[in-house]
Amino acid sequence: MEFVDFRDERRHHGTRLEKTGEADVAALENLWDDGVADGLDEPGRLLYRSNLLGSDKRITNYGGGNTSAKVEMKDPLGGETATVLWVKGSGGDVGTMKLDGFATLYMDRLERLRGLYGGEAQEDEMVGYLPHCTFALNPRAASIDTPLHAYLPYRHVDHMHPDAVIAIAATENSRALTREVYGDEIGWLPWRRPGFQLGLDLSRFAAEHPDAKGVVLGGHGLFTWGDTARDCYETTLRVINKAIAWFERATAGKDVFGGRQVDALPPPDRRAVAARLMPAIRGLIGRDERKVGHFDDGDAVLEFVCSADLKPLAALGTSCPDHFLRTKIRPLVLDFDPAAGDLDALIQGLPAAIGAYRDDYARYYERCRHPDSPPMRDANAVVYLVPGVGMITFARDKATARIASEFYVNAINVMRGAATVDAYRGLPEQEAFDIEYWLLEEAKLRRMPRPRSLAGRVALVTGGAGGIGRAVAGRLLREGACVVLADVDGGALRATEGDLARAFGKDQVRSVEVDVTDEAAVRDGFAAACAELGGLDILVSNAGISSSAPVEDTALSMWSRNMDILATGYFLVAREAFRLFRAQGLGGSVVFVASKNGLAASPGAAAYCTAKAAEIHLARCLALEGAAAGIRVNTVNPDAVLRGSKIWTGEWREQRAAAYGLRLDELEAHYRDRSLLKRSVYPEDVAEAVCFLASDAAAKSTGNIVNVDAGNAQSFTR
Ligand SMILES: NC(=O)c1ccc[n+]([C@@H]2O[C@H](COP(=O)([O-])OP(=O)(O)OC[C@H]3O[C@@H](n4cnc5c(N)ncnc54)[C@H](O)[C@@H]3O)[C@@H](O)[C@H]2O)c1
Ligand SMILES: [Zn+2]
């Protein structure tokens, strides 16, 4: 069994050092290329700068921070010149955004807003005025950070969330530390929620300190500015590099996180723990809304989860509001001694640990709520830390779980710096609450589209690299499921995964090379799926072959091969799914792709037909056994799916043609004309039936058979 991983190589986390002569220097490289930039207009250069900055996670986290430029433009109506603020709009990520990700606003109108602002009680109201400043009917909504850019008297402004600078911003003596690292070049402002008032604070600071190049915002991040796009970019890099280099020196030779408390398990053991633990957690937190998991055991995570200060530091929560919104108020640290390795005890202790976290969260909500606060949201932790093993995150989809994990790595980097040189400070609880339950944030959540029918579900499709398997995977992906393709054909598997990842996103698709007749490989394949996505809801058993021969010419090897792959293979994957479904406790859905030939005998294919009949009866037995646990088992019987099927490219096609006395190119028409509806059956037709049975639309169906054969009286079921 081999796990195939198609995701991007990890972006940088933590500090990379490059040797240059004697000294180690921090290595944020200047990537500015005048050859590119000079050919662009001012908005183009802003986009260029933004994408460069966002390409390195040490500069800013995913979706975090924003950039702006004040550009002279022609008013679309009057034709006169207006100064327009281009600033990253609501949502999006500076690293991957396009030009349409910027909001554009008239500067003179933004200036008039100053006169409307009467104090902090009006913060939320001011957000409502921003659309009135829109330039050229730009539909991109301006973000709440807009005033932070508008009122700084500089053409170009960067607001970034660099781990190294947040580490300064999240210390108890943040102001003094800023001065120590930067002298007069960079100022400091205390924590304040982003909005109009913070914009005015920045404006005042700039007026009073005309030589400053930027500001550290307590508990938040960095502002830097410049007269040209290049100037601003280079200042941002220089300021961050200074912090990285300073921390390198200040932490050198020091015990990080209070030193190591436990040793990390070896990598395969860590994944084995994750594979068992994740479905158990998922079962306890995924009842109301299914969740997808992510596991990270990178160096930054391991150093933290093996450390003496894991519990006290984790309890302080994260500092930067971005980190916090994605990872919840604090992570859940599970009790586990990797040296003893008692995984059963860890799993038995989960209900109590998760229950305590939920109670704690409810108390936090009650302590901090305002009369008009939105109702309490899901009280479960997002981040689970396991000593010696790593970090598990769960969210409503894979991308959100992965990003939460990346954000907590940012938070670990921040704590690493801050706690080593000073005392680390999380965001004050009430501030954290006010951001989490901000009415504007609630409005944003309400605007989100309704989740698709299989959102948060994980499906494993055997024979996923074949014709029907690929169509099934695509159909489930279209409903929002994450899909693990399992197949014995490595080349076809990688090609299919690549295609589906391009169509549906890399986060949604995984593949695992597995021979369904190999007991150990099946077990490992399911474990790999669990460690990758956190559990399983749907199994589509579809891997298959075909063979054709009169019974007297059927070699034992041919008979056994049909039995092994079709009957035994279906048994092995279904057994593994049952074990997993029971451990997870969320029910489950199994769909067998059998065949019309399992119901209706066909000439010269006794081995295949008999093995397919065994599948159908196995499904009925399993439906009986699984019902009490909410596990449904149903069968789809395709017939004559020639297009896209590999089965129909080889001998089988020739043998079938021979059996009916037809030419090869007459076969499709033969099957079509033989059907009651006189129609050809395609992989997508089979996928539709599989998707129905896999989803909650078929919640009341088990032990059933759906024929997808364009009608065939011989296979009518009773
Ligand atoms: N195409 C049809 O007309 C038709 C009709 C009735 C039933 N079926 C059934 O539909 C299913 C899918 O068939 P298809 O038409 O997509 O064929 P296909 O050959 O295109 O796909 C089958 C896939 O199963 C994989 N596979 C074979 N042995 C395996 C093993 N031991 N372990 C893991 N993977 C293995 C193959 O590599 C292939 O990718 C099969 O079970 C088949 O019997 C197909
Ligand atoms: Zn910010």
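Every number for a ligand or one of its atoms is a count from 1 in the order of the listing. For this chain, numbers begin at 1 and follow the sequence in order.
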Any [X] heavy atom less than 4.0 Å to ligand 1:
{"X": "Ala640", "value": "yes"}
{"X": "Ala594", "value": "yes"}
{"X": "Pro638", "value": "yes"}
{"X": "Lys612", "value": "yes"}
{"X": "Thr462", "value": "no"}
{"X": "Ser546", "value": "no"}

Original post:
Is the count of non-hydrogen atoms from other residues, nucleotides or ligands lying under 6.0 Å from His617 atom NE2 greater than 12?
Top reply: no
Subject >> Separation of Trp652 CH2 from Ile647 CD1 (nearest 0.5 Å) >> reply: 7.5 Å
Original post:
Once you round to the nearest 0.5 Å, how far does CD1 of Ile166 lie from NE2 of His161?
Top reply: 6.0 Å
Between the candidates [options], which shows the shortest non-hydrogen contact distance to [atom]?
{"atom": "atom 26 (N) of ligand 1", "options": "Gly466, Ala543, Gly469, Gly491", "result": "Ala543"}
{"atom": "atom 35 (C) of ligand 1", "options": "Ile545, Val681, Val488", "result": "Val488"}
{"atom": "atom 40 (C) of ligand 1", "options": "Val593, Asn542, Leu485", "result": "Asn542"}

Nearest to [atom], what protein heavy atom do you find, and at what distance?
{"atom": "atom 42 (C) of ligand 1", "answer": "Ile647 CD1, 3.6 Å"}
{"atom": "atom 20 (O) of ligand 1", "answer": "Lys646 N, 2.7 Å"}
{"atom": "atom 4 (C) of ligand 1", "answer": "Ile468 CD1, 4.3 Å"}
{"atom": "atom 32 (N) of ligand 1", "answer": "Val516 N, 3.0 Å"}
{"atom": "atom 22 (C) of ligand 1", "answer": "Gly544 O, 3.6 Å"}

Original post:
If we only count heavy atoms from C-beta on, is the Asn410 to Tyr62 side-chain gap below 4.5 Å?
Top reply: no
Residue part near ligand 1, for [X], under 4.0 Å between non-hydrogen atoms:
{"X": "Asn637", "value": "neither"}
{"X": "Trp652", "value": "neither"}
{"X": "Phe592", "value": "neither"}

